[in-house]
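For reference, the structure is listed below as structure tokens.
In this text, all values refer to a predicted model and were calculated from it rather than measured experimentally. The basis for the numbers below is simple: all heavy atoms, side chains too, and nothing from hydrogens, waters or symmetry mates.
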Protein chains: 2
Amino acid sequence: MQRITEQRRVLLEELQATKRHPTADELYETVRCRLPNISLGTVYRNLDLLVRSGSIRKLDKAGGQARYDADLSEHLHVRCLHCGAIADLPDDGALKLEIPLPVIPSYAITRYRLEFEGTCPGCSAGTT
Amino acid sequence: MQRITEQRRVLLEELQATKRHPTADELYETVRCRLPNISLGTVYRNLDLLVRSGSIRKLDKAGGQARYDADLSEHLHVRCLHCGAIADLPDDGALKLEIPLPVIPSYAITRYRLEFEGTCPGCSAGTT
DNA sequence: AATGCTATTAATAATGATTATCGATACTGA
DNA sequence: TCAGTATCGATAATCATTATTAATAGCATT
Ligand SMILES: [Mn+2]
Ligand SMILES: [Mn+2]
Ligand SMILES: [Zn+2]
Ligand SMILES: [Zn+2]
């Protein structure tokens, strides 16, 4: 009962084709080249469906637009504080983080959120 | 030129008097007992001023209300996925996390966000 | 005390990302 | 074929937060 519509398929394809962690807005612009009549609501609806079915990840952020990632492999992100762009951290080398879940009486801690922040190459070039 | 208004002082006092990490809304209700005419905009404005002056911390969250903390000591938080409540992690014992900032060429990584998630005692009691 | 200056306020409107609604359309399977 | 329903595009609504604005209050100088 979960159809594979053109809109959903193209959306997933375009997200899988980029390493840029685009926002719903950016994805909307991209997808419009192939589906000129798609509406922004459809983009949001299908991104939500894809997240819920486990096909993509949502990288949300207070006070800004969420970004989406079709790379389901375990990896961490760094977010630029100036432009909001997200980049993958290479997990080669020193970054083998093992974060143990804390144990608190009667509190069931199931997971954590970890994200790095800084200034991306583009924005540090502008701030010369 | 930064006056210490009654509204600002009471707001800070009430936040310092609780361990509950209240939202702007909750703080608004609390403060109205002492300042019945305060407006929600004033609460937001002064919380923002207090954050910017380093007197309190803001714990924001995508798709929900931000919460505020007057405890400036270094400590971590756990957020309940059901009710949104935030609790402090006791930093005694095993939780001496040392997270090294990753080094990426031309990317200036300055800090990280780490937050745990789970189910608080109240919500796990309800889900019996 | 009177004047001028500016920070702040309460009330209210606006913003912006996301979600909900709805009538129309397109699949799907009996 | 045809009922049932998933999805669509368009558009309105939501909701936390921020901006605007006219009025007021604090402070300094005359
Ligand atoms: Mn990624
Ligand atoms: Mn705390
Ligand atoms: Zn940047
Ligand atoms: Zn809870």
I need the [atom1]-[atom2] distance between [X] and [N], as an integer number of Å.
X	N	atom1	atom2	value
A:N37	C:dT25	CG	P	14 Å
B:Y28	D:dT18	OH	P	17 Å
A:L47	D:dC8	CG	P	11 Å
B:E26	D:dA16	CD	C1'	14 Å
A:L49	D:dA6	CG	P	12 Å
B:R52	D:dT18	CZ	P	10 Å
A:E6	C:dC27	CD	P	10 Å
A:Q2	D:dT5	CD	P	16 Å

Report each atom pair, protein N/O against N/O of nucleotides 3-6 of chain C, whose distance is under 3.5 angstrom.
| unit_1 | atom_1 | unit_2 | atom_2 | d |
| --- | --- | --- | --- | --- |
| C:dT6 | O2 | B:R3 | NH2 | 3.3 |

Enumerate all atom pairs, one protein N or O and one N or O from nucleotides 19-21 of chain D, separated by less than 3.5 Å.
none

Salt bridge (charged side-chain N to carboxylate O under 4.0 Å, His left out), that's the test. Do B:E26 and B:R67 meet it? Break it down for me.
CA-CA 9 Å; B:E26 290 164 353; B:R67 290 175 174 271; 3.7 Å; yes
Please list, chain by chain and in numerical order, all residues satisfying side-chain hydrogen bond (donor to acceptor under 3.5 Å, both in side chains) with B:T110, sequence neighbours excluded.
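side-chain hydrogen bond (donor to acceptor under 3.5 Å, both in side chains) list for B:T110, sorted by chain: empty.
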For A:R8, which residues count as a side-chain hydrogen bond (donor to acceptor under 3.5 Å, both in side chains) partner, sequence neighbours excluded?
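Applying side-chain hydrogen bond (donor to acceptor under 3.5 Å, both in side chains) to A:R8 gives A:N46.
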Considering only Ile, Leu, Val, Met, Phe, Trp and Tyr, and joining two whenever side-chain heavy atoms are under 4.5 Å apart, list the other residues clustered with B:L59.
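Result for B:L59 is B:I86.
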Fellow cluster residues of B:I4, listed by chain then number, with links counted only when side-chain atoms sit under 4.5 Å apart
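Besides B:I4, the hydrophobic cluster comprises nothing; the residue is isolated.
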Can you tell me if the side-chain N/O atoms of B:T42 get under 4.0 Å from OP1 or OP2 in C:dA10?
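So the side chain of B:T42 is within the cut-off, an N or O lying under 4.0 Å from OP1 or OP2 of C:dA10.
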Every protein N/O lying under 3.5 Å from an N/O of nucleotides 14-18 of chain C:
| unit_1 | atom_1 | unit_2 | atom_2 | d |
| --- | --- | --- | --- | --- |
| C:dT18 | OP1 | A:A66 | N | 2.8 |
| C:dT18 | OP2 | A:Y44 | OH | 2.3 |

Under the salt bridge (charged side-chain N to carboxylate O under 4.0 Å, His left out) criterion, do A:E117 and B:R111 qualify, and how do the steps go?
CA-CA 5 Å; A:E117 292 178 336; B:R111 63 183 191 195; 2.6 Å; yes
Salt bridge (Lys or Arg N to Asp or Glu O under 4.0 Å) with [X]: which residues, sequence neighbours excluded?
X	value
A:D25	none
B:R20	none
B:R45	none
B:D71	none

Ring pair (Phe, Tyr, Trp, His ring centres under 6.0 Å) partners of residues 20-76 of chain A, not counting sequence neighbours, each pair once
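Checked against ring pair (Phe, Tyr, Trp, His ring centres under 6.0 Å) - neighbours excluded - the pairs reaching residues 20-76 of chain A are A:H21-A:H77, A:H75-A:H77.
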Taking any heavy-atom pair under 4.0 Å as a contact, classify B:T5: base, sugar-phosphate, or nothing.
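Sugar-phosphate, backbone atoms only, no base.
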Under 4.0 Å, counting only non-hydrogen atoms across every strand here, what does B:N46 touch: a base, just sugar-phosphate, or nothing?
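Sugar-phosphate contact only.
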